[in-house]
Student: 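Sharing a structure with you now.
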Amino acid sequence: MSPATATQTGPTQPLQQPAEIRIYNTLTKTKEQLEPLRPPQIGMYLCGPTVYAESHIGHMVGPVIFDTIKRFLSYSGYQVTWVVNITDVDDKLIAKSRERQIPMSQIAVEMTADYLANLRELGVTQIDHLPRATDHMPQIIRFIESLESKGFAYEVDGDVFFEVSKDPHYGQLSNRTLEAMQGEGGEAAGKKRAAGDFALWKSARHGEPAWDSPWGKGRPGWHIECSAMSHEILGETFDIHGGGLDLMFPHHENERAQSSCCHDAPMVKYWMHNGLMRAGEKGKVGGKSDRQTSDDAAGKISRSKGAGGLSDLIRRHTGERIRFFLLRTQYRSTIVYSEEGLDEAGTALATFYRFFERFAEITGESFYDLPAPRTRDAGSVDPGGDPTLTEAVALRDKFLAAMDDDFNTGLAISTLFDLLRTANRFIDQQGLAAGAAADSAPVQTLKTLGGVIRDLTAVLGLFRKPPLDSGDSQADAELTEALMRLLIDLRKEARAKKDFATGDMIRDRLGEAGIALLDKKDGTSWERKS
RNA sequence: GGCGACGUGGCCAAGUGGCUAAGGCGAUGGAUUGCAAAUCCAUUAUUCGUCGGUUCGAAUCCGACCGUCGCCUCCA
């Protein structure tokens with residue numbers, strides 16, 4: 001049975017479908033045409049973190065891809081409301097609170113700040129609502145009451161459980177049958193009617209954070225906060241629900257059960273699950289070794305294995321590099337994390353940065369200041385018979401087609417490289433350099449090319465601002481710039497006198513210090529080697 | 001044990017029935033350069049884990065096998 005058919009939104013008016021966007025729906029295991037419930041509005045929910053510890057890079061996969069999805073959907077003419085929850089009450093938080101001898105709420109505040117700072121660094125800026133579980137106790141309690149009154153839940157000594165067998169569709173999302181699930185039932189096994197039943201409300205033990213409820217003092221179970229808060233903000237049925245593959249069961253299965261039983265309506269139209277990140281093996285890149293000696297237990301990255309330190313990773317690699325690294329892989333596949341992979345992403349990114357410098361030198365305009373068109377239509381370009389622009393338009397179309405097909409960011413990025421080559425080739429062929437007449441036709445064409453690249457990279461949330469040398473203060477950066485200017489001028493003078501030995505020494509010594517010089521027709525610039 | 005994903009060049013990674021198998025990193029040759037770097041051009045998988053099968057035709061569908069990984073307990 002298709003969940004899509006179960007939703008009635010009244011007469012569908014002839015809405016202009018902005019684009020043929022297809023989404024892989026984990027519920028149906030097929031790619032489906034995106035048809036929002038209430039176009040042009042789209043409601044989107046992503047399961048956020050339980051804030052008991054620092055986030056690690058794996059936590060960023062979902063936010064980065066969904067941030068990109070929202071940017072792309074907005075670009076395609078939709079108005080997206082994106083919600084990411086913060087779960088700030090839970091067993092792990094309580095345990096952490098005991099361990100550190102500080103209130104649970106303080107840990108939650110600290111770790112939420114850490115999470116948000118990381119999101120900011122990775123350019124995740126599109127979230128509209130960040131609801132916290134503890135701010136929604138009345139809604140959560142009402143939700144549970146409603147389930148209880150409809151016969152889907154039962155109370156035992158202050159605990160309330162969802163009775164899984166009452167939901168005829170239970171197991172549909174994660175594709176498992178009740179019979180196949182024969183767990184132990186966890187610590188509350190003795191109280192539950194069936195092992196698969198799960199807690200909606202947990203009675204408080206001594207010293208635990210607790211809220212008043214019809215069942216006595218206690219706290220919400222896992223799952224229920226997402227049902228209550230998504231309902232509060234996005235309604236009974238909304239368009240897209242996302243999260244990591246590992247949340248499919250039990251979290252999403254239970255969420256779905258709670259919400260659809262409570263409202264007697266499908267909870268979500270499109271379920272999306274991103275792949276998980278794995279830790280790569282050790283550094284060695286061997287030759288052709290026939291035997292796969294995977295002595296290094298490479299597995300899913302998780303907090304329980306001590307993963308963390310994302311802010312340190314950002315400091316070393318920059319948020320943009322990490323975002324780019326994540327976006328180069330299709331969101332449903334496993335991403336293997338490795339330092340080498342991140343380094344390579346940095347190398348690839350440098351090609352973009354060099355083009356932006358070239359662009360600025362020739363046009364006199366900063367790439368980063370170019371306006372990014374807000375819609376596909378506004379961003380379209382009329383090539384007017386120009387072969388270079390014709391090529392660019394074709395590549396832009398390819399980019400958009402890739403994104404239309406279940407947000408294939410990896411394929412989309414490949415067209416960006418093609419676009420870069422097109423632009424660089426054009427510059428070379430035209431012999432463009434600093435000082436070119438601003439109103440000349442080639443410069444205008446280059447500006448148009450730059451505009452297309454600006455447009456598309458903005459959809460991916462890249463190049464929002466010039467790359468900074470992380471850790472440098474403003475004053476240090478200025479000093480570095482002045483010293484580099486001096487060295488470059490000295491070398492220039494030496495070379496003018498054909499004193500190549502001195503010139504090369506300056507270049508070599510800078511190279512040893514991790515700085516590369518780039519000689520161009522119109523002068524020399526420098527960059528840090530990654 | 002149950003359910004599921006994946007296995008594409010040296011590495012990363014698109015492509016899920018049919019033009020010459022994207023793109024990145026790396027490598028090699030060339031243009032350019034005083035020499036480099038950057039940029040551009042060219043080359044770098046007759047082949048897509050293995051073996052069968054379906055088909056006029058498969059990396060793409062089916063089966064078996066090998067291998068890697070995930071979920072089934074907290075996890076983005």
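A, B, ... follow the sequence lines: proteins, then strands. Residue 1 opens every chain. A quick note: this is a predicted structure, and the numbers were derived from the prediction, not measured.
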Student: Tell me what A:Ser333 touches on the nucleic acid: a base, only sugar-phosphate, or nothing, going by heavy atoms under 4.0 Å.
Tutor: sugar-phosphate
Student: Taking the same atom, C1', in B:G49 and in B:G7, what whole-Å distance lies between them?
Tutor: 6 Å
Student: Strictly under 6.0 Å, is that where the ring centroids of A:Phe463 and A:Phe356 end up?
Tutor: yes
Student: Which part of the nucleic acid, if any, lies within reach of A:Asp508 when heavy atoms closer than 4.0 Å are counted: base, sugar-phosphate only, or nothing?
Tutor: nothing
Student: By the 4.0 Å heavy-atom rule, please label A:Gly511 as base, sugar-phosphate, or nothing.
Tutor: nothing
Student: Could you work out, with side-chain contact (heavy atoms from CB on, under 4.5 Å) as the rule, every residue matching A:Ala360, not counting sequence neighbours?
Tutor: none
Student: Checking A:Ala53 now: which residues fulfil side-chain contact (heavy atoms from CB on, under 4.5 Å) with it, not counting sequence neighbours?
Tutor: A:Arg303
Student: So what does A:Lys398 touch, heavy atoms closer than 4.0 Å: a base, only the sugar-phosphate, or nothing?
Tutor: sugar-phosphate
Student: With a non-hydrogen cut-off below 4.0 angstrom, is A:Met60 in contact with a base, only sugar-phosphate, or nothing?
Tutor: nothing
Student: Under a 3.5 Å cut-off on both pairing distances, which runs of 3 or more consecutive Watson-Crick or G-U pairs involve RNA chain B?
Tutor: B:1-7 with B:66-72, B:10-12 with B:23-25, B:26-31 with B:39-44, B:49-53 with B:61-65
Student: Which part of the nucleic acid, if any, lies within contact of A:Glu527, taking any heavy atom under 4.0 Å across all strands shown: a base, the sugar-phosphate backbone alone, or nothing?
Tutor: nothing
Student: For residues 122-133 of chain A, tabulate all N or O donor-acceptor pairs below 3.5 Å that involve a side-chain atom, not counting sequence neighbours.
Tutor:
{"unit_1": "A:Thr125", "atom_1": "OG1", "unit_2": "A:Arg71", "atom_2": "NH2", "d": "3.1"}
{"unit_1": "A:Asp128", "atom_1": "OD1", "unit_2": "A:Lys70", "atom_2": "NZ", "d": "3.2"}
{"unit_1": "A:Asp128", "atom_1": "OD2", "unit_2": "A:Lys70", "atom_2": "NZ", "d": "2.7"}
{"unit_1": "A:Asp128", "atom_1": "OD2", "unit_2": "A:Trp82", "atom_2": "N", "d": "2.7"}

Student: Give me, pair by pair, the N or O atoms of the protein and of nucleotides 39-43 of chain B that are less than 3.5 Å apart, along with how far apart they are.
Tutor:
{"unit_1": "B:U39", "atom_1": "OP1", "unit_2": "A:Arg354", "atom_2": "NH1", "d": "3.2"}
{"unit_1": "B:U39", "atom_1": "O3'", "unit_2": "A:Asn424", "atom_2": "ND2", "d": "3.3"}
{"unit_1": "B:U39", "atom_1": "O2'", "unit_2": "A:Arg358", "atom_2": "NH1", "d": "3.4"}
{"unit_1": "B:U39", "atom_1": "O2'", "unit_2": "A:Asp428", "atom_2": "OD1", "d": "3.4"}
{"unit_1": "B:U39", "atom_1": "O2'", "unit_2": "A:Asp428", "atom_2": "OD2", "d": "2.5"}
{"unit_1": "B:C40", "atom_1": "O4'", "unit_2": "A:Asp428", "atom_2": "OD2", "d": "3.0"}
{"unit_1": "B:C41", "atom_1": "OP1", "unit_2": "A:Arg425", "atom_2": "NE", "d": "2.9"}
{"unit_1": "B:C41", "atom_1": "OP1", "unit_2": "A:Arg425", "atom_2": "NH2", "d": "2.7"}

Student: Using a heavy-atom cut-off of under 4.0 Å over every strand shown, decide if A:Leu245 touches base, sugar-phosphate, or nothing.
Tutor: nothing
Student: B:C19 and B:C25: how far apart are their P atoms, nearest whole angstrom?
Tutor: 27 Å
Student: On the six-membered ring of A:Phe249, is A:Arg176 placed so that its NZ or CZ lies under 6.0 angstrom from the centre and within 45° of the ring axis?
Tutor: yes
Student: Would you classify A:Ala516 as touching base, sugar-phosphate or nothing, given that sugar-phosphate means primed atoms plus P, OP1 and OP2, and contacts are heavy atoms under 4.0 Å?
Tutor: nothing
Student: Could you give the distance from CD1 (A:Ile86) to OG1 (A:Thr134), rounded to the nearest 0.5 Å?
Tutor: 10.5 Å
Student: Between B:A31 and B:A36, how far apart are the two C1' atoms, rounded to whole Å?
Tutor: 15 Å
Student: For A:Ser230, give me all partners under side chain to side chain donor-acceptor pair (under 3.5 Å), at least two apart in sequence or on another chain.
Tutor: none
Student: Look at the side chain of A:Asn408 against the base of B:G15 and say whether a donor-acceptor pair falls under 3.5 Å; ignore hydrogens and angles.
Tutor: no
Student: Heavy atoms under 4.0 Å, any strand shown: does A:Gly243 hit a base, just sugar-phosphate, or nothing?
Tutor: sugar-phosphate
